[in-house]
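Read through the structure below, which is laid out as structure tokens, and then see the notes.
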Amino acid sequence: MTSANRYLTSWERFWSTTTGTPGEIFWDADPKYAAQEDLQLFRDYLDPKLPLIDLGCGNGTQTLFLGKHFTKVIGTEIAPAAVELAGKINAAQNVSYRLLDVLRPDAAEAIHKELGDANIYLRAVLHQLSPVDQSTAIESIERLLGATGTLYLIELSSAAEPFFAQLIQQYGPPPGLARVFEHQITPGLLHEDDLTTLFPADRFTLLKTGPSHVRTVHSLPTGEIVKVPAFYAIFRRCQY
Ligand SMILES: C[S@@+](CC[C@H](N)C(=O)[O-])C[C@H]1O[C@@H](n2cnc3c(N)ncnc32)[C@H](O)[C@@H]1O
């Protein structure tokens, strides 16, 4: 099975069996603690006249929120079941959802032809691709950005692995995380240091980066919500 098909098969199963039970989508945080916090970090860096693409948007929880702050928002996904679900539960007049496998730079190019340059919001997508596939995804991102778009990404950091190990040892696996493993989705990592290789300085300008967290829907017996260590980065393509 090619890697693209592997992602499609696993994620389509994941999204097509989603029932709406609270807690079943581990990262599906209330946008006022997710996209809202991200927005504060990236909004001053991007041209608000461009469309915003939420790449790997899942069920559209964050996408709908972003639609309240930008004129045109497009959520894209590899899984048809996610596109269908997002269109059902997170619809708005200026928000649309469509298929895009981020490992298809040719398909990204076709979207760029249609929309022109776009800003990109990327939350917790790159880390679950293999290192080779991360590079291909960045080729797609490059095409979608064009000359003037800005990318905001937030991904699990190197501290996420020991964090999960400790969490599982102390409290057992959170049901939302167990569901991820059941679908043969293996959350990987994106090391902060990988950014310089993945976004080389002759192609991308790093505008800002820093530590952050991916808030989840899982609360501990203490009442505390689990927040997974992460980092954010803001990039634009180099101008020559
Ligand atoms: C951890 S979820 C994050 C979803 C969303 N960004 C959020 O924060 O709610 C990762 C998402 O990436 C999508 N995905 C995985 N591989 C993909 C690919 N090759 N192209 C596009 N989307 C992909 C999955 O279907 C899934 O919805």
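Both counts, for ligands and for their atoms, begin at 1 and track the order of listing. Note that the structure is a prediction, hence the values are computed from the model and not measured.
Taking every non-hydrogen atom of Cys57 and a distance limit under 4.0 Å, the qualifying atoms of ligand 1 come out as 5 (C). Residue Asp101 approaches ligand 1 through these ligand atoms, each under 4.0 Å from one of its heavy atoms: 18 (C), 19 (N), 20 (N). Counting atoms of ligand 1 from 1 in the listed order, those under 4.0 Å from a heavy atom of Leu100 are 20 (N), 21 (C).
For atom 27 (O) of ligand 1, the nearest non-hydrogen atom from the set Arg104, Gln62, Arg6, Glu77 belongs to Glu77. Among Leu156, Asp28, Ile78, the residue whose heavy atom lies closest to atom 23 (C) of ligand 1 is Ile78.
At a 4.0 Å heavy-atom cut-off, ligand 1 does not touch Leu122 at all. Only the side chain of Trp27 comes within contact range of ligand 1, with a heavy atom under 4.0 Å; no backbone atom does. Contacts with ligand 1 closer than 4.0 Å are made by no heavy atom of Ala34, backbone or side chain.
Heavy-atom distances between Thr61 and ligand 1 stay at or above 4.0 Å for every pair. For Trp15, the heavy-atom gap to ligand 1 drops under 4.0 angstrom. The closest approach between any non-hydrogen atom of Gln128 and ligand 1 is below 4.0 Å. The shortest heavy-atom distance from Ala82 to ligand 1 is not under 4.0 Å. Ligand 1 does not have Asp133 within reach: every non-hydrogen atom of the residue lies 4.0 Å or more from it.
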- Query: Going through the distances and angles, do Arg179 and Thr17 end up as a side chain to side chain donor-acceptor pair (under 3.5 Å)?
  - Reply: CA-CA 10 Å; Arg179 189 165 175 265; Thr17 53; 3.1 Å; yes
- Task: Go through the steps to decide whether Trp27 and Phe14 satisfy the test ring pair (Phe, Tyr, Trp, His ring centres under 6.0 Å), and finish with yes or no.
- Result: CA-CA 13 Å; Trp27 55 85; Phe14 179 91; 5.5 Å; yes
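Heavy-atom contacts from other residues, nucleotides or ligands closer than 6.0 Å to OH of Tyr171 number more than 12. Within a 6.0 Å radius of CD in Glu12, other residues, nucleotides and ligands contribute more than 12 heavy atoms.
Proximity of a side-chain donor or acceptor of Asp117 to a complementary backbone N or O of Thr148 within less than 3.5 Å is detected. Not a single donor-acceptor pair under 3.5 Å links the side chain of Asn59 to the backbone N or O of Ala86.
In this structure, Arg98 pairs ionically with Glu114, as a charged nitrogen and a carboxylate oxygen lie closer than 4.0 Å.
In this pair, His218 and Phe26 present their aromatic rings tilted. The plane angle is within the 30 to 60° band. Classification of the Trp11-Trp15 ring pair by plane angle, with boundaries at 30° and 60°, yields parallel.
Remark: ligand 1 and Val102 share an N or O pair separated by less than 3.5 Å (distance only, no angle test). Distances between N or O atoms of Ala124 and those of ligand 1 include no value under 3.5 Å. Taking distance alone, with nitrogen or oxygen atoms compared against 3.5 Å, Thr76 stays at or beyond that limit from ligand 1. Residue contacts with ligand 1: Arg123 is placed with a nitrogen or oxygen under 3.5 Å of a nitrogen or oxygen of the ligand (distance criterion only).
The two residues Arg237 and Glu142 make their nearest non-hydrogen contact at NH1-O, 3.0 Å.
When only modelled atom types and interatomic distance are considered, Thr18 and Glu24 share no side-chain donor-acceptor pair under 3.5 Å.
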